[in-house]
Number of protein chains: 2
Amino acid sequence: KKEFVVIGLGRFGGSIVRELIEQGADVMAIDKFADRVDEFASIATQAIVADTTDESVLKSLGIRNFEHVIVAIGEDIQSSILTTLMLKEIGVNKITVKAQNDYHEKVLRKIGADQVVHPERDMGIRIANNIMTNNVLDYLELSDEHSIMEIKANEILAGSTLIDLDIRAKYGINIVAIKRGADILVSPQADEEIQINDVLIVIGADADIIRFEKKAM
Amino acid sequence: KKEFVVIGLGRFGGSIVRELIEQGADVMAIDKFADRVDEFASIATQAIVADTTDESVLKSLGIRNFEHVIVAIGEDIQSSILTTLMLKEIGVNKITVKAQNDYHEKVLRKIGADQVVHPERDMGIRIANNIMTNNVLDYLELSDEHSIMEIKANEILAGSTLIDLDIRAKYGINIVAIKRGADILVSPQADEEIQINDVLIVIGADADIIRFEKKAM
Ligand SMILES: Nc1ncnc2c1ncn2[C@@H]1O[C@H](COP(=O)(O)OP(=O)(O)OP(=O)(O)O)[C@@H](O)[C@H]1O
Ligand SMILES: Nc1ncnc2c1ncn2[C@@H]1O[C@H](COP(=O)(O)OP(=O)(O)OP(=O)(O)O)[C@@H](O)[C@H]1O
């Protein structure tokens with residue numbers, strides 16, 4: 001069984017605890033506020049009240065034996081940095097830390113955090129993109145310039161077949177699958193007719209996908 | 001030019017302002033704290049200090065003329081709810097609101113929020129999944145049970161061709177593309193040989209993709 005430690009039980013840390021437990025892992029959940037810890041007493045494998053900037057406390061919890069520690073302390077940047085430093089010195093194998101801003105991330109990387117995440121910033125970018133493009137439901141970034149996007153078909157597209165639209169030739173993008181209700185048609189045929197409410201799963205350069213969305217829809 | 005209002009300039013709201021501006025939209029950025037507003041004075045189209053629970057203030061800003069308002073007020077659930085109610089009464093076309101928890105979401109939907117988002121909760125789920133499966137870099141949920149996942153090829157897979165692995169027959173999943181360095185090979189041929197560090201873009205039922213990741217890698 002995989003074993004994890006999550007320090008900081010705010011919305012982000014708390015969500016990680018719940019999902020790891022859901023996926024069958026063992027989780028030690030730690031926070032300095034007893035109220036927060038109480039919320040997780042019946043959820044986490046262990047729920048502990050502790051201030052993780054105290055090195056003796058970290059050692060007494062046997063934290064070095066866990067394969068991965070997640071530091072989800074938010075606004076208190078100094079505590080986040082100090083906790084990360086301590087975990088590194090104790091010899092924890094892998095450390096994922098939530099950063100408040102770019103300065104915070106720079107420091108965390110220099111002191112050895114393995115993975116730095118920006119949940120609010122990254123979701124903000126995702127939501128902003130979702131808002132700007134009415135038809136794009138969600139996307140997965142493959143690289144700085146390429147993505148897989150979920151595009152909801154509108155009335156303009158409905159009734160056309162993939163070969164009619166000649167998407168690959170005109171826009172340089174590929175429809176790799178179509179989500180229709182509960183079904184997913186992978187590698188659809190050229191004669192597949194698009195229906196209203198189909199969700200097209202498209203791969204290509206971002207600029208080309210957006211151009212398709214503006215011109216063909 | 002698309003015009004948006006973002007209320008609440010924390011990490012999430014601030015990120016939305018920056019990304020919308022980056023994408024060429026006009027943005028009115030509002031917060032009750034002058035310090036926060038100052039940060040955006042040179043970024044947003046307009047940066048305004050205001051308490052949005054004051055209906056006369058909202059009206060004087062001409063907010064009803066904007067196509068989409070984003071409410072990114074965090075910890076103060078009552079202000080988030082009151083602001084949303086006011087925006088609805090003023091007749092704003094579309095309202096996206098950040099929720100703190102499920103109770104907050106229920107209330108927001110009842111009072112007419114068009115879109116409710118949980119940035120920390122959803123990123124927590126994504127990070128937890130990323131942590132549990134070493135090889136899965138990122139994913140896009142197509143439905144409750146199907147996803148597109150980015151799987152990093154390890155030494156076990158390297159050297160095998162797609163036909164060797166017989167993935168579709170054995171696991172019921174499809175490799176729709178391979179990311180190799182800066183290149184993306186869409187709809188790879190059956191004789192394509194996987195190289196170390198390739199990122200396989202896979203579509204299928206989550207359970208089948210995880211089974212492939214456990215058994216073939
Ligand atoms: N030194 C510490 N030791 C243990 N827990 C801590 C420490 N410092 C802060 N925390 C806890 O970290 C949790 C998350 O911090 P905070 O609420 O400031 O972050 P946040 O980024 O706003 O959270 P989120 O966005 O995840 O809801 C809090 O519950 C807090 O009690
Ligand atoms: N009534 C209000 N009118 C305008 N702005 C408000 C109001 N109430 C709160 N805000 C602002 O909303 C912003 C975001 O709120 P807060 O920092 O509590 O949320 P948060 O969820 O922790 O933020 P994030 O996670 O996005 O960093 C704050 O800058 C705050 O000043």
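In what follows, every heavy atom counts, from backbone to side chain, and hydrogens, waters and symmetry copies are set aside. Lettering follows sequence order; numbering is per chain, from 1.
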Within a reach of under 6.0 Å around [atom1] of [X], are more than 12 heavy atoms found that belong to other residues, nucleotides or ligands?
| X | atom1 | answer |
| --- | --- | --- |
| A:K106 | NZ | no |
| A:R109 | CZ | yes |
| A:L185 | CG | yes |
| B:I163 | CD1 | no |
| A:E145 | CD | no |

Name the region of [X], side chain, backbone, both or neither, that has any atom closer than 4.5 Å to a heavy atom of chain B.
| X | answer |
| --- | --- |
| A:I203 | side chain |
| A:D183 | neither |
| A:K98 | side chain |

Any B:Y139 side-chain heavy atom under 4.5 Å of A:L140 side chain: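 No, their side chains stay 4.5 Å or more apart.
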With a 4.5 Å limit on heavy-atom distance, are the side chains of A:M123 and B:V117 in contact?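 Heavy-atom side-chain distance check fails, nothing below 4.5 Å.
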Heavy-atom pairs under 4.5 Å with chain B, option from A:V176, A:V199, A:D122 with the top count: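 Looking at each option in turn, the highest pair count goes to A:V176.
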With chain B as the partner, which of A:N174, A:V6, A:I125, A:D138 has the greatest number of non-hydrogen pairs under 4.5 Å?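 Winner by heavy-atom pair count: A:I125.
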Enumerate by number any residue of residues 8-39 of chain B whose heavy atoms lie under 4.5 Å from heavy atoms of chain A; in the absence of such residues, state 'none'.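 Answer by number: B:R11, B:F12, B:S15, B:I16, B:E19, B:L20, B:Q23, B:A25.
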Residue pair A:N130, B:Q115: steps toward the side chain to side chain contact (heavy atoms under 4.5 Å, CB included) verdict: CA-CA 11 Å; A:N130 174 278; B:Q115 181 186 19; 3.4 Å; yes
Point-to-point distance, once rounded to the nearest 0.5 Å, from CG of A:L142 to CG of B:L137: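 So the CG of A:L142 and the CG of B:L137 are separated by 10.5 Å.
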Atom pair CD1 (A:I148) and CD1 (B:I201), whose distance is rounded to the nearest 0.5 Å: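 Result: 5.0 Å between the selected atoms.
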Under a 4.5 Å cutoff for heavy-atom pairs, which residue among B:K94, B:H68, B:Q100 has the most contacts with chain A?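 Sorted descending by pairs with chain A, the first entry is B:Q100.
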Heavy-atom distance under 4.5 Å to chain A: side chain of B:I127, backbone, both or neither?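 The answer is the side chain of B:I127.
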What closest approach, in Å, do A:I184 and B:H146 show between heavy atoms, and which atom pair accounts for it?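 Looks like CD1-CB, 3.3 Å.
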